[in-house]
Asks: 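Mind looking over this structure? Questions follow.
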2 protein chains.
Amino acid sequence: MAAKPLQQEIKKKQPFEWPEQEAILNILRTGDQFQNRFGRLFRQYGLTSSQYNVLRILRGEGRPMPCLEIAERMIQVVPAITGLIDRLELQELVARNRATDDRRVVYIELTPKAVRVLGDLDGPVQDLNRTLIGHLTARELKELSHLLEKARQGMPEET
Amino acid sequence: MAAKPLQQEIKKKQPFEWPEQEAILNILRTGDQFQNRFGRLFRQYGLTSSQYNVLRILRGEGRPMPCLEIAERMIQVVPAITGLIDRLELQELVARNRATDDRRVVYIELTPKAVRVLGDLDGPVQDLNRTLIGHLTARELKELSHLLEKARQGMPEET
DNA sequence: GCGTGATACTTGACACGACAATGAATTACG
DNA sequence: CGTAATTCATTGTCGTGTCAAGTATCACGC
């Protein structure tokens, strides 16, 4: 597989003037491409990336969670969660339970069907992980994660 | 600003079993967050990220381009471009011109208004670039770009 | 010329994400 | 108490992304 620097990949005539710009574009482009790949995998199982994320978060937590807590762990804004849960509920992958102590909060719970689907996806997801970045060494992966974590520390607060 | 490894940031109970998974999640999360930030900036100018991307590509090319060529440089599927161009045309930021030699292809062209808007955005965009990852050293930025480029080389063909 | 297939877009149906505004339940406080 | 502020969730609107299907044009073979 030939080397394909971003500059050539997007057919940019001029070299990047600023390393910040180049890094940002690389992050955005890589994120988009990987997102697309996972989206296609999940679609084979009748799920979108967002839906899978909700299910994965719920399984990781191991207990029913309020909508807001789920929204916090995804990048997304709160209102998006409602529709997301709606569609998952239609597919009978989650159930809503209004809390008795604070009747404003709605707890979301995985159904056994969802646990089964998640289990079916574990193998393919890990396979895709390896397909996408299995050619990087353990040291490179660690360095990449480290740099991205450091990059996110520059995010201004207010979101 | 406190260090915030991904494991803690998403409140994951268990450490990551696979460095591949950790790296992928870091890429996706960082990409999403940065995408959100830029989306908010562009919205102040009445644009979405996709719309800005189309305009930036057209300016970079410096000449009218067929729809398909634009679609190629974005991650997106062809049908999405039509609607995107429709809305840009409504805002009088691009113009459509059907080619005379091959009447199937439609050339998209920047309007002077678009050039002005792009110029207005150059400063803020570069400021945001620096805000987001200005705290990384030049060496780190270079290393990050290098690793992401290498990561994308693992993308299977067919898209 | 005249099919036949390929190419370049367009359209329509549906799901999603971001935002603003609203409703409903709870808490704070004078 | 009782009103105000806050919190949790939902709804509606817009732009977008995806797929499937359709239209217009071109290129080729006969």
Side-chain angles (χ1 to χ4, degrees), chain A residues 31-55 64-91 93-94 96-108 158-159, chain B residues 28-29 31-55 64-72 74-91 93-94 96-108 159:
Chain A
D32 267 8
Q33 288 191 1
F34 286 10
Q35 181 89 28
N36 278 358
R37 296 293 297 171
F38 278 99
R40 257 179 279 165
L41 170 61
F42 297 143
R43 203 174 309 121
Q44 295 172 13
Y45 292 75
L47 293 174
T48 65
S49 290
S50 299
Q51 291 174 349
Y52 174 79
N53 260 320
V54 171
L55 301 183
M65 294 172 66
C67 282
L68 272 195
E69 269 186 54
I70 297 175
E72 254 173 43
R73 304 211 196 168
M74 314 197 32
I75 315 289
Q76 306 169 354
V77 161
V78 179
I81 298 292
T82 300
L84 209 47
I85 301 294
D86 284 347
R87 279 168 231 115
L88 285 171
E89 206 176 12
L90 273 181
Q91 295 188 52
L93 293 169
V94 302
R96 275 184 166 97
N97 290 104
R98 201 163 276 273
T100 53
D101 54 336
D102 184 342
R103 294 185 41 71
R104 288 171 306 181
V105 334
V106 173
Y107 278 91
I108 313 299
E158 44 91 40
T159 289
Chain B
L28 295 178
R29 187 169 180 85
D32 269 6
Q33 288 191 359
F34 286 9
Q35 180 87 30
N36 278 359
R37 295 294 298 172
F38 277 98
R40 256 179 280 165
L41 170 61
F42 296 143
R43 201 174 312 117
Q44 296 171 12
Y45 292 75
L47 293 174
T48 65
S49 289
S50 298
Q51 291 173 351
Y52 175 79
N53 260 318
V54 172
L55 300 184
M65 294 172 67
C67 282
L68 275 195
E69 268 186 55
I70 297 175
E72 252 173 45
M74 315 200 29
I75 315 288
Q76 307 169 355
V77 161
V78 179
I81 297 293
T82 300
L84 208 47
I85 302 294
D86 284 347
R87 277 166 232 116
L88 285 171
E89 206 176 13
L90 273 181
Q91 295 188 51
L93 293 169
V94 302
R96 276 184 166 96
N97 289 104
R98 201 163 278 272
T100 53
D101 53 336
D102 184 342
R103 295 185 40 72
R104 289 170 305 181
V105 333
V106 174
Y107 279 92
I108 313 300
T159 289

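Chain letters run A, B, ... following the sequence lines, proteins first and then strands; every chain starts at 1.
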Asks: Considering residues at least two apart in sequence or located in another chain, which fulfil the side-chain contact (heavy atoms from CB on, under 4.5 Å) criterion with A/Glu69?
Replies: A/Arg63, A/Met65, A/Pro66, A/Arg73

Asks: Without decimals, in angstroms, what is the distance between B/Gln33 CD and C/dA18 P?
Replies: 12 Å

Asks: Round to a whole Å and report the spacing from CE of B/Met65 to C1' of C/dC9.
Replies: 15 Å

Asks: For A/Ala99, which residues count as a side-chain contact (heavy atoms from CB on, under 4.5 Å) partner, sequence neighbours excluded?
Replies: A/Asp101, A/Val105, A/Tyr107

Asks: Please find the pair of heavy atoms, one from A/Phe34 and one from B/Leu28, that lie closest to each other, and give the distance.
Replies: CB-CD2, 3.9 Å

Asks: Does B/Arg43 make a side-chain N or O approach to OP1 or OP2 of C/dC19 shorter than 4.0 Å?
Replies: yes

Asks: May I have the distance from A/Leu47 (atom CG) to C/dA15 (atom P), rounded to whole angstrom?
Replies: 14 Å

Asks: Got a sec, which residues hit side chain to side chain donor-acceptor pair (under 3.5 Å) with A/Asp32, two or more places apart in sequence or on another chain?
Replies: none

Asks: For B/Leu84 and D/dC14, give me the distance from atom CG to atom C1', rounded to whole Å.
Replies: 14 Å

Asks: Which letters describe nucleotides 6-12 of chain D, given B = protein heavy atom under 4.0 Å from base, S = only from sugar-phosphate, - = neither?
Replies: BBSSBB-

Asks: Between A/Gln91 and A/Arg103, who's closer to the 5' end of DNA chain C by nearest nucleotide?
Replies: A/Gln91

Asks: Compare side-chain N and O positions of A/Asn36 against OP1 and OP2 of D/dG17 and report whether any pair is under 4.0 Å apart.
Replies: no

Asks: Applying salt bridge (charged side-chain N to carboxylate O under 4.0 Å, His left out), name anything that partners B/Arg43, two or more places apart in sequence or on another chain.
Replies: none

Asks: Check the distance between C/dT7's P and B/Asp101's CG and give it to me in whole angstrom.
Replies: 17 Å

Asks: My understanding is that only residues two or more places apart in sequence, or in another chain, count here; which of them pass side chain to side chain donor-acceptor pair (under 3.5 Å) with B/Asp86?
Replies: B/Arg96

Asks: Give the rounded distance in Å between these two atoms: CZ of A/Phe42 and P of D/dC19.
Replies: 15 Å

Asks: Just how far, in rounded Å, is C1' of D/dG15 from CD of B/Gln35?
Replies: 13 Å

